[in-house]
Number of protein chains: 2
Amino acid sequence: MSDAPSRRAASGTEAYQLDEQVGFLLRRASQRHIAIFNAGIPELTPTQFAALAKTAEIGPVSQNELGRATAMDAATIKGVIDRLAARGLIETGESPTDRRRVMVRLTSEGRAALARLIPSAQAITEATLAPLTPPERAEFIALLERLG
Amino acid sequence: MSDAPSRRAASGTEAYQLDEQVGFLLRRASQRHIAIFNAGIPELTPTQFAALAKTAEIGPVSQNELGRATAMDAATIKGVIDRLAARGLIETGESPTDRRRVMVRLTSEGRAALARLIPSAQAITEATLAPLTPPERAEFIALLERLG
DNA sequence: TATGATTTGTTTGTGTGCAAACGAACCGGG
DNA sequence: CCCGGTTCGTTTGCACACAAACAAATCATA
């Protein structure tokens with residue numbers, strides 16, 4: 001159905017094909033992953049789950065520090081924490097040593113939810129990588145880590 | 001600094017390390033790319049540029065079709081088109097054959113802007129992939145395409 | 001041709017994601 | 001001790017991204 005690769009744009013747009021650009025491909029892969037996540041864990045967003053999991057990993061943390069650990073800026077992590085707290089999965093308190101800090105820690109409910117959801121999260125990771133063979137998955141993850 | 005890989009979480013969270021999950025890595029890589037894009041092309045968002053470039057590729061299209069071609073749903077593409085039209089880079093009109101359709105085409109301004117920005121866009125792609133060697137870049141793109 | 005299903009676009013609501021501007025608290029050097 | 005720089009958190013404003021619900025137009029087929 002036509003000579004696709006040597007396709008020439010009508011105007012002066014040269015050989016810029018959107019579908020070959022990393023940025024576009026990254027966005028599409030993220031979208032697909034998020035769709036898989038929403039199907040597997042409907043009760044939490046990927047971002048909320050990330051904050052929950054990271055809090056479990058690194059224990060009680062200040063809000064901004066948790067944001068840094070999960071790649072969310074101060075404005076974003078605030079909303080995420082507010083919503084998790086409203087659901088009773090985490091709780092916030094003041095720091096004994098720094099009055100500016102808002103400390104974040106899991107509730108037992110949060111801990112239970114996390115334990116319950118981790119298998120689903122692992123399945124989601126696998127489903128996302130399903131189109132690749134196991135060695136390809138490892139390779140992909142390794143390359144992706146270096147682009148962070 | 002400690003036995004990192006065999007690190008054991010205090011609670012029952014088992015071996016779920018956020019920083020190893022594809023979803024998290026995809027989000028981080030996207031964030032980095034978007035930051036590079038914003039620095040290289042401050043006047044347009046990556047999404048807006050994608051819509052502009054795709055419109056140039058596939059000529060006059062209906063709004064929803066352009067959305068499909070750029071991986072944006074109907075609600076999203078509408079906002080993007082509204083903003084591009086407000087800037088005079090594209091213009092919309094009615095379809096002669098289907099009264100529901102909103103046809104989208106580049107203005108000469110849009111065409112000029114695109115021609116001017118494509119080199120920057122290419123530089124942005126390269127900068128995003130800079131941490132990888134050329135063969136790794138090709139490999140990464142190939143794997144990423146299959147995760148779309 | 002009627003009519004039911006599909007498609008196109010719109011609107012609303014929620015959730016990231018980031019820039020910018022701000023006040024409060026902390027920290028270091030003089 | 002004071003003072004300037006930094007960090008912590010908040011708020012506002014804008015831009016995706018998607019679900020859900022909707023009206024209008026088109027299509028398929030009985």
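Chain naming here is simple, since letters A, B, ... match the order of the sequence lines and numbering starts at 1 in each.
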Check nucleotides 2-7 of chain C for protein N or O atoms closer than 3.5 Å to its own N or O atoms and list the pairs.
from	atom 1	to	atom 2	distance (Å)
C/dT7	O2	B/R100	NH1	2.3

**Prompt:** Would you say the side-chain atoms of A/R27 pair up with the backbone N or O of B/T70, donor to acceptor, closer than 3.5 Å?
**Reply:** yes
**Message:** Could you check whether A/E57 pairs with A/K54 (Lys NZ or Arg NE/NH1/NH2 to Asp/Glu carboxylate O, under 4.0 Å)?
**Reply:** yes
**Nearest to side-chain heavy atoms of B/S62, which nucleotide of D/dT10, C/dC18, C/dG9** = C/dG9
**Side-chain heavy-atom pair A/Q48, A/L89 within 4.5 angstrom cut-off** = no
**Prompt:** Within the side chain of B/T125, is there an N or O that forms a donor-acceptor pair under 3.5 Å with the backbone of A/Q21?
**Reply:** no
**Message:** Does D/dT10 have OP1 or OP2 under 4.0 Å away from a side-chain N or O of A/Q63?
**Reply:** yes
**Request:** Could you check how far CD1 of A/I34 sits from P of D/dC18, rounded to whole Å?
**Result:** 7 Å
**Request:** Indicate, with a heavy-atom threshold strictly under 4.0 Å, whether A/T47 touches base, sugar-phosphate, or nothing.
**Result:** sugar-phosphate
**Asked** How close or far is atom P of C/dG9 from atom CG of B/L66, stated in whole angstroms?
**Response** 10 Å
**Item:** Whole-Å distance separating the CD1 atom of A/I77 from the P atom of C/dC18
**Value:** 12 Å
**Asked** Over how many whole Å does the gap from B/Q31 atom CD to C/dA19 atom C1' extend?
**Response** 14 Å
**Complete:** Between CD of B/E94 and P of C/dG9 the distance, given in whole Å, is 13 Å
**Prompt:** Could you give the CD1-to-P distance, from B/I81 to C/dT11, as a whole number of Å?
**Reply:** 14 Å
**Prompt:** Mapping B/R83 and B/A75 onto DNA chain D by nearest heavy atom, which one lands closer to the 5' end?
**Reply:** B/R83
**Complete:** Separation of D/dT7 atom C1' from A/D73 atom CG, nearest Å, is 15 Å
**Prompt:** Does B/R146 pair with A/E136 as a salt bridge, N-O distance under 4.0 Å?
**Reply:** yes
**Item:** Under 4.0 angstrom between A/T45 side-chain N/O and C/dT16 OP1 or OP2
**Value:** yes
**Asked** Backbone N or O of A/G148 within a donor-acceptor pair of the B/R32 side chain at under 3.5 Å?
**Response** no
**Asked** Between D/dT7 atom C1' and A/D98 atom CG, what is the distance in whole Å?
**Response** 8 Å
**Given DNA chain C, 5'-ward residue of the pair B/N38 and A/G79, judged by closest heavy atom** = A/G79
**Message:** I'd like to know if the side chain of A/Q63 reaches the main chain of A/I81, judged simply by a donor and an acceptor atom lying under 3.5 Å from each other, with no hydrogens or angles considered.
**Reply:** no
**Message:** Is there a side-chain contact between B/R27 and the phosphate of C/dT16, meaning an N or O under 4.0 Å from OP1 or OP2?
**Reply:** no
